[in-house]
Each structure stands twice: as structure tokens, then as C-alpha cells.
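Please read the structure below before turning to the comments.
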Amino acid sequence: MLEFDIIIVGGGGAGLYAALWAAENTILKVAVMTKVYPTRSHTGAAEGGINAVLTHSVGDSKEAHAYDTAKGSDFLADQDAIDIMCKMGAAVIYDLAHRGVPFSRRPDGRIAQRPFGGASFPRTCYAADKTGFYILQTLYEQCLKNNVTFLNEWFLLSIIHNGERVEGLTAWDIRNGGVHLIKAKAVILATGGHARIYWKRTSNALGNTGDGSAAVLRAGLPLKDMEFIQFHPTGLAKTGILVTEGARGEGGFLRNCNGERFMKRYAPEKMELAPRDIVARAIQTEIDEGRGCGPNGDYVCLDLTHLGEEKINERLPQTREHAILYEGVDPVEELIPVAPTAHYSMGGIDTNKYGETPIKGLYAAGECACVSVHGANRLGGNSLLDILVFGRLTALKAVEYADDASDTNPSLAKQKDDERRILGLMEASGKENMADLRKELGNVMMKHFGVFREESLMKEGLEKLKEIKERAKYVKVYDTSKRFNTDLISVLEFLNLVELSIPIAIPAIERRESRGAHARKDYPKRDDKNFLKHSIITLKEDGDYKLSWKPVVIKKFPPEERKY
Ligand SMILES: Cc1cc2nc3c(=O)[nH]c(=O)nc-3n(C[C@H](O)[C@H](O)[C@H](O)COP(=O)(O)OP(=O)(O)OC[C@H]3O[C@@H](n4cnc5c(N)ncnc54)[C@H](O)[C@@H]3O)c2cc1C
């Protein structure tokens, strides 16, 4: 049986930064387990940058960053957690720079910052439009330098706890096959988001299937604010692949079929740099009201032509590459067709501001966690900051805990259960086809829980999700081999998405207001009297769900009307 003091599940930005800070601050045995090779983690796709107030951010302040974040969240984020995140911003950026992240620079050599949506100052630090890529590569090198053990291509199945403390986990070894029980005093989940549930149209990698969150749900533990999924305003029209907010930060315009910069009707002051929920709704409204572009009127256009080739090549090289490759347009001369795409999970594993869950020794950090610093709508550039700040803090908490914790003694029961489960999938009837059902799931999520929502549509959607969950029992894994069984992994990922779908739907129906990314046509206003609270959902032993609510931490910034 493998045994570690601290095991971190996830090799993205949150997991690697946690591993690095744990490894540098203890002699305990620290390991990272990841289903993909670490540098293929989704953090590598982050483009536009990371927010922080630096020493040379003249006029800006940590308080302004905190205010922008709270306002952007539609006042659902916990302000004590926001405070921690914004205060640690500069420390994280300088730490990354010292470790080797090649941030883009101003002419005077200091780290450059660009404007981003919902921010009152240009505070987004960037490395061209490949910020996440550079962060991930640097952190991986640093982890290797610090002798972090890597279990690459291992798939988390279950979390083992005794109701009070965590005891370890079970995982499938993708390279060799087989279910393993891994003993650990502390487990940090850093498994990323679940926006792949919108299979039809998303900016997310194939692996963003919420595996950690689904394991938490199966372990009887709470998920928070699951109804909040961010739609990024500018996904490429044909594929949903992201065009970074950095493109608008560098001065890009949005135009409808009349060539009009329509954002002036939705956010007259901030225009294209309003927060994402507002810009996504504006684009969707233009499309729905017949002012979309193209033969089907199903997209609007992002205009970068006035920026000039030199600036586009220097600041937005990947955006140009993607537009040419996937849309067949060169942004130097042509407009880029864009429409909203499912992008980010604001909700996730319920933690406090230190990444702690109700089970001792079990932590969550990164996009899989809901701390909550993003509330109902995340600001661009705040996720990379969130994953690093809370990855680091959570690691220090885990070190403190594991240092004093006694050995664990997990029973073999979970391992046996998981072996039976996998065998069951291989012996299933195959009456249902996984790929078809996954497509159906994505279509239902998009149609019934999309940019705009309403009660009857969502209730109808919930019934369809229940039916999909039932039908998913008949999905079969056809490949019975052990090594690199990608059929098995795809089915496990699909089943995790299915498990998370109803926990998104239930609070979405019950939250009878519009807040941030949760925009209801039947309840168009925010309702602080009844819904200034986090939703908490758990899976009961009888297979039903329990929805409850938890207060939001409000400190310096009382809720106010959001105007941009
Ligand atoms: C295209 C795109 C661009 C973005 N740009 C920005 C940006 O410019 N600025 C910003 O702030 N945010 C940006 N974001 C958001 C940000 O990139 C993510 O929220 C963040 O990188 C998530 O990091 P993470 O470490 O939590 O998860 P990830 O980087 O997704 O890593 C998850 C890890 O968990 C592992 N894992 C998952 N399931 C299992 C399992 N079952 N078993 C074992 N391991 C598992 C994976 O292998 C992976 O290593 C962007 C998002 C997208 C989609």
C-alpha cells in the first residue's frame, strides 16, 4: 500500500503551488497525484493574466481590488476570504517572478499590468497571452527541484474518511491498471472545475469533469454554490475555444451585425470591460433579439483590427493563432466571430478561508473549491490568483495538521467497492451509449441551465437530468484491458459529470433571484432579503439530495446596486 503524509490530488496551478509550499516547509512525505501529466493540466490554458496590486500600481490599492472582487461577485463572495486573497497578491506575483515566470515587462523593467473586466485599475499581470502556461511550467520545475513525488496518470476514485478525519483515498493506476488504496494523513483536492458538463460549448479541457467534487459528494460532504457557472463572453463561434479577456483589455471592441459597439447600451462606462456576466448577457441578448452576425445570426464580432499587427503579435499572439486556425480569420484584418461559452465553476467543494472541509485533514483548493472568493461571478484574472493564494495557504494548513496527526488506518472496504464498481461497468448491458448520453447531458445543461434561466425550463431540465442519471446505469466500458484504458477513464469522467448535474440544477431552481451568472428571466432582480446566502448541497445515503443555506460573510462592502 502506498503511503504519504500529504497527498495532493491535482497537478494544475493549485496542486503544484500547494506541493511546492508543502515540500519547502516540511520534511513530511508529500506527493502529487494527477490524471494527466502535470504540465498538461488546464492551468496551462490560462491566457490573459493574474490580478494583483503591485508596489508600482500607482493609484490602485488592495482595498480597491477587494471592492471590485466583491462587487463583481454580486456580493455573494465571503469578504474575509477576498481580503486574504487581495492582500497576498503581490507576494504571490513576486514569488512567481523569482522562481522564473517570465512576466511581460514595462519599458522600465517592472512587471506590466493590463486592464481586465470589472477592475477599476489595470492590475492584471501577464506573460503575453500564455500566462498559465508559463506558471505551470515554472511550478513543475520547482516541484522537481524540491523532490516532490509525482504519481502521474493516476485517477482519483474515492476519498476515505471515518466521519471525523481523512484516512486516504483510492485511485486507478492508468498506466498499469488496478485500484490502489493510498494511505495519507492529509489530502488536498485540487482537481479543477467542472464546466465540461456543458459539453456542447465550453472553453474547458476535456478533463475538467469535476472528479474531486463528485468524490466529495459521494463521500457525503457538502458542495457550495453549484448553481453558479460562468459563461465567458468570447468563445470562438465555431468551437467555444476561448478568446482571452486580454483582447478586450488591450482595446478590442464588440460589434453586432450593424457594426454597433452595443456594450454602450449595457455598461456605458466600462463598455467591453464590464464583468463577464454582464458582457455575456449583452451578447446573448443581441443574438436573441436578431442583431447577431453571420448567416444564422448566432454570434457577434470582436474587432481587434485597430490595434495593429505589432501589438497583436506582441500581446495577443495566441489569440491570433487560434482565430486563424479555428475560425479562418486573421484578426489583424478581420473581425473574430464570438459567442458565450461555458467557462468556469464558481461553485465547488465547500471550504472555509483556509481550504478546510468539515473532515479533518481533508482540504480543497483551486477551481474545485468554493472558498468563496468569486461568489456569483468571477472577475477575469482572479482565478489564477485564487488557486495560488489558497493552494499555498491550504498547504501550510495541511503541513501543520499532518505534522501532529497520528497514523491512519483505512479499511480495505473502499478499495473492494471500487474494484466491484469498475468490474460492474465492464459487465454492464451497454444498452446506453456513453458518447450519445454525454452529448445529451451537454445539450440539456446548455438549454435549461444556460446564460438565461427560468423556472419551468429548469424544472423540465431537472427531469431530463434525472432520466440521464438513470440511463447512465446502463453505460458500458467495452475495453477490459488494464493499461491506458481510456474507455474506462472517459466513462468514469462522464459519470462524475452526471453526478454533478443535479446538484447544479436543484439550487438553480431554488434560488429565485438573479445574481451574477445566475440570470433568471422570471426573477430578474437580485433579492438580498431572501438570497444573500450560499447554497449547500449534499447527497444523502438514500440517494436523494439535501439543500441548505449558509450566510455570506460581509465586512467592508455592504451589497449595493452593480453599475458599470
Ligand atoms: C481557456 C481558459 C483560459 C483561462 N484564462 C485565465 C486567466 O487568464 N486568468 C485567470 O485568472 N484564470 C483563467 N482561467 C481559469 C483558470 O485557468 C482555472 O480556473 C485554473 O487554472 C484552475 O486551476 P486548478 O489548479 O484549480 O485546476 P487545473 O489546472 O484544471 O488542474 C486540475 C488538476 O487535477 C487533476 N485531476 C482532475 N481530476 C483528477 C482525478 N480524478 N484524479 C487525479 N487527478 C485529477 C488534473 O490532472 C489536473 O492536474 C482560464 C480558464 C480557461 C478555460
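All ligand and atom numbering here is 1-based and tracks the order in the structure. Scope of the values below: all heavy atoms of this structure, side chains included, with no hydrogens, waters or symmetry mates.
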Using a 4.0 Å heavy-atom cut-off, which part of [X] comes near ligand 1: side chain, backbone, both, or neither?
X	answer
Leu242	side chain
Tyr344	side chain
Ala215	neither
Ile387	side chain
Leu156	both

With Lys353 as the cation and Phe390 as the aromatic partner, state whether NZ or CZ is under 6.0 Å from the six-membered ring centre and within 45° of the axis.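 Pair Lys353/Phe390 does not count as cation-pi.
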Can you find an N or O of [X] that's nearer than 3.5 Å to an N or O of ligand 1?
X	answer
Val9	no
Val36	yes
Ala14	yes

Taking NZ, NE, NH1 and NH2 as the nitrogens, is one of them in [X] or [Y] under 4.0 Å from a carboxylate oxygen of the other?
X	Y	value
Asp83	Lys87	yes
Arg99	Glu24	yes
Arg218	Glu499	yes
Arg421	Asp417	no
Arg276	Glu245	yes

Over 12 non-hydrogen atoms of neighbours within 6.0 angstrom of NZ in Lys311: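 Yes, NZ of Lys311 has more than 12 neighbouring heavy atoms, counting only those of other groups under 6.0 Å.
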Considering residues, nucleotides and ligands other than Phe150, do more than 12 of their heavy atoms fall under 6.0 Å from its CZ?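 Yes.
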Heavy-atom contacts with [X] under 4.0 Å: which atoms of ligand 1 show up? List them by number with element.
X	answer
Phe155	41 (N), 42 (N)
Gly12	25 (O), 29 (O), 31 (O), 33 (C), 49 (O)
Gly366	26 (O)
Gly11	33 (C), 48 (C), 49 (O)

Donor-acceptor check, side chain of Asp68 to backbone of Ser120, threshold 3.5 angstrom: yes or no?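 Yes, Asp68 side chain to Ser120 backbone: donor-acceptor pair under 3.5 Å.
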Considering heavy atoms of the protein only, find what lies nearest to atom 44 (N) of ligand 1 and give residue, atom and distance to 0.1 Å.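 Protein heavy atom with the smallest distance to atom 44 (N) of ligand 1: Lys35 N, 3.0 Å.
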Protein heavy atom at shortest distance from atom 27 (O) of ligand 1: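 For atom 27 (O) of ligand 1, the nearest protein heavy atom is Gly192 CA, 3.4 Å.
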With a 4.0 Å cut-off on heavy atoms, is [X] touching ligand 1?
X	value
Ile50	no
Gly132	no
Gly212	no
Gly381	yes
Asn382	yes

Nearest heavy atom to atom 19 (O) of ligand 1 wins, so pick from Glu367, Arg378, Glu493.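 Among Glu367, Arg378, Glu493, the closest heavy atom to atom 19 (O) of ligand 1 belongs to Glu367.
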Strictly under 6.0 Å, is that where the ring centroids of Phe121 and His65 end up?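 No, too far apart.
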